[in-house]
Protein chains: 2
Amino acid sequence: MSLRIALLGMLASRGPSSGYELAKRFEASINHIWQAKHSQIYPELAKMAQSGAVTVEDAGGGRGRKVYTVTEAGRDEIVQWVTGEDPYRSARNETALRGFLVPLLPPDQAAAVMRDEAERHAEKLAKLEQIKAEVDARTGPDDPVFGAYALDLGIRTTIVLQQWANDTADDLERRGRS
Amino acid sequence: MSLRIALLGMLASRGPSSGYELAKRFEASINHIWQAKHSQIYPELAKMAQSGAVTVEDAGGGRGRKVYTVTEAGRDEIVQWVTGEDPYRSARNETALRGFLVPLLPPDQAAAVMRDEAERHAEKLAKLEQIKAEVDARTGPDDPVFGAYALDLGIRTTIVLQQWANDTADDLERRGRS
DNA sequence: GGTTGACGTGTAAGGATTTACATGTAGTTT
DNA sequence: AAACTACATGTAAATCCTTACACGTCAACC
C-alpha cells in the first residue's frame, strides 16, 4: 500500500504529473526513503485511476503522455494512512545490514569496510546537504516546503550512520590490536 | 538475497539456531534493519541447506526442532556480500514516508501524528536500552560482542528518529500558530 | 540523413514478502 | 481437567518489487 500512498503524496504535493515524471521524482526526491521503478508505477497509476483515487488525462503531443491528478478521495486516502495507527513500521536498509555483518570479517578487513562505508555516507550526506541548500535558496524560511522534513530525516540518519561506521571501525581496530 | 545473508549472519554470529529462534531474533535484534516472518525464513533455510550454505540437524525432544549451522561456504557467502561493492542500496522506511506526507495534513493534526511517532520511538528506545543493559551486565568490556554493534546502531537511529519526530512536531506547531 | 539520448508507456517473468491457513507439543495457570 | 501461552514447523495465495523485454516519439547533434 505504501507505494500507492507515496504516489498520491507526490501528486498532492507537486501537482499533476505523468508516470514518467513520478518515476524521475522517486529517483531524485525520496530515493533514501522509498524506491520504485516505472514498471511498478505505471500499473499502480492505472489501478488508482480505476479506483478513483486519481484522474487521468491524455496530454502531450504525439508521445502518448498521460497526466494524473489526485482526487479528493485520493487525498482522503493519504490522510487515512498517515493518521492511521498501524503499529507496524516496515524498514529495510541494506547499508545497515552490511554494517551489521561486518564484524564477521577479520578485524582489519572489517575496519576497512566500515571506513569505506563511512565514506559512502559522507558522500551521500554531501549530496543531501547540497539538495537542502538548493531548496533553501529558492524558498523563504516560512514557506511550507514539502519534503523538507523527510530530507531533514535523511540527513540526520546519514550522519548517524557515518558516525556509527567510524566508531565501529575504531572499535574493531582497537580490538584488532589487542 | 539480503534475507539469505542476514540469516547466515545470524547463524555465524550467534551459533546454530532453529528457524523459530531466528525468527524471534529478527524481531528482537535487527527489526529496525530488516524484517522477516517465519513463513519466509523456513523456506529460505531449506534452500540454504540444499545449496550447502548451512547444515541441518534434527534436535529437541518431541517438538520437531531443527538446528541449522552455517558452513564454511556459507561464511564465504557473507564475506562476498559484505565486501562486494554492490552500488545498489535498497532502503524502505515507512516512518520517513509518513514524515514526507505529514505536511499534507492540517498543522495541528500533523503535529499530533509526529508526537505519537516520537512516543513510539521513545518506547522502542527504552526497550533497546534495557537489552543493552542486560547484555552489558553479563559480558566483560573486552568480550567480542557481535550484537553490540547492531544494538548500538539501533539505539542511535531510534534516538534520531525520536528527536526528529519531536522537532518536526515543534515546527508544525510553530507554523500552525502563524 | 543517421545516430544518439531523453521522453514516454507498457507487459512478462521471476523472486521477495505478507497474510492466512494448518498442525502439533510442552509447560503453566485456573 | 481445561484453557492458555510459548514452542515449533510448514504451505498456499496474494501482493509487492525487480529485471528484462518491447514499442514508439521528439529534439539535437554530426
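These numbers come from the heavy atoms of this one structure, side chains and all, not from hydrogens, waters or symmetry mates. Each chain gets a letter, A, B and so on, in the order its sequence line appears, and its residues count up from 1.
- In this entry the distance linking CD of B:Glu27 with P of C:dT18 reads 11 Å, nearest Å.
- For the pair A:Asp58 CG and D:dT25 C1', the interatomic distance rounds to 15 Å; values are reported in whole Å.
- Counting to the nearest Å, the P atom of D:dC16 and the CD1 atom of A:Ile5 are 11 Å from each other.
- The nearest whole Å value for the distance from the CD1 atom in A:Ile41 to the P atom in D:dC16 is 14 Å.
- Contact of the B:Glu119 side chain with the B:Arg115 side chain is not registered, since no non-hydrogen atoms from C-beta on lie closer than 4.5 Å.
- Regarding B:Lys24, its NZ atom lies at a distance of 7 Å from the C1' atom of D:dA6, rounded to whole Å.
- Side-chain atoms of B:Trp34 lie closest to C:dT17 of the nucleotides D:dC16, C:dT17, C:dT18.
- The interatomic distance linking B:Leu45 (CG) with C:dT17 (P) rounds to 14 Å, in whole Å.
- Judged as a side chain to side chain donor-acceptor pair (under 3.5 Å), not a single pair has a partner in residues 100-111 of chain B (not counting sequence neighbours).
- Computed from coordinates, the B:Gln35 CD to C:dT19 C1' distance equals 15 Å when rounded to whole Å.
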Atom pairs under 3.5 Å, N or O on each side, protein against nucleotides 9-11 of chain C: can you list them with distances?
from: C:dT9; atom 1: OP1; to: A:Lys66; atom 2: N; distance (Å): 2.9
from: C:dT9; atom 1: OP1; to: A:Lys66; atom 2: O; distance (Å): 3.4
from: C:dT9; atom 1: OP2; to: A:Tyr20; atom 2: N; distance (Å): 2.8
from: C:dT9; atom 1: OP2; to: A:Tyr42; atom 2: OH; distance (Å): 2.9
from: C:dG10; atom 1: OP1; to: A:Lys66; atom 2: NZ; distance (Å): 2.2
from: C:dG10; atom 1: O6; to: A:His38; atom 2: NE2; distance (Å): 2.9

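- When the side-chain nitrogen and oxygen atoms of B:Arg92 are compared with OP1 and OP2 of D:dT18, one or more of them lie within a distance under 4.0 Å.
- Evaluation of the ring pair (Phe, Tyr, Trp, His ring centres under 6.0 Å) test over residues 91-119 of chain B, restricted to residues two or more places apart or in two chains, returns A:Phe146-B:Phe100.
- In this structure, B:Lys37 places its NZ atom 11 Å from C1' of C:dA20, rounding to the nearest Å.
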Atom pairs and distances, donor-acceptor, side-chain atoms in residues 44-60 of chain B, under 3.5 Å, two or more places apart:
from: B:Ser51; atom 1: OG; to: B:Arg4; atom 2: NH2; distance (Å): 2.7
from: B:Ser51; atom 1: OG; to: B:Met48; atom 2: O; distance (Å): 3.3

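- Partners of A:Pro43 by side-chain contact (heavy atoms from CB on, under 4.5 Å), not counting sequence neighbours: none found.
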Please tabulate, for the side chains in residues 155-165 of chain A, all donor-acceptor contacts under 3.5 angstrom to protein atoms that are two or more places apart in sequence or on a different chain.
from: A:Arg156; atom 1: NE; to: A:Asp152; atom 2: OD1; distance (Å): 3.4
from: A:Arg156; atom 1: NE; to: A:Asp152; atom 2: OD2; distance (Å): 3.2
from: A:Arg156; atom 1: NH1; to: B:Asp167; atom 2: OD2; distance (Å): 3.0
from: A:Arg156; atom 1: NH2; to: A:Asp152; atom 2: OD2; distance (Å): 3.3
from: A:Arg156; atom 1: NH2; to: B:Asp167; atom 2: OD2; distance (Å): 2.9
from: A:Thr157; atom 1: OG1; to: A:Leu153; atom 2: O; distance (Å): 2.6
from: A:Thr157; atom 1: OG1; to: A:Gly154; atom 2: O; distance (Å): 3.2
from: A:Thr158; atom 1: OG1; to: A:Gly154; atom 2: O; distance (Å): 2.6
from: A:Trp164; atom 1: NE1; to: B:Tyr149; atom 2: O; distance (Å): 3.0

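- A:Tyr42 belongs to a hydrophobic cluster whose other members, connected by ILVMFWY side-chain contacts under 4.5 Å either directly or through intermediates, are A:Tyr20.
- Evaluation of the side-chain hydrogen bond (donor to acceptor under 3.5 Å, both in side chains) rule for A:Ser17 yields A:Arg25 as partners, not counting sequence neighbours.
- By the 4.5 Å heavy-atom criterion applied to side chains, B:Met10 and B:Ser29 are counted as neighbours.
- The stretch residues 8-17 of chain A does not touch DNA chain C, since none of its heavy atoms comes less than 4.0 Å from the strand.
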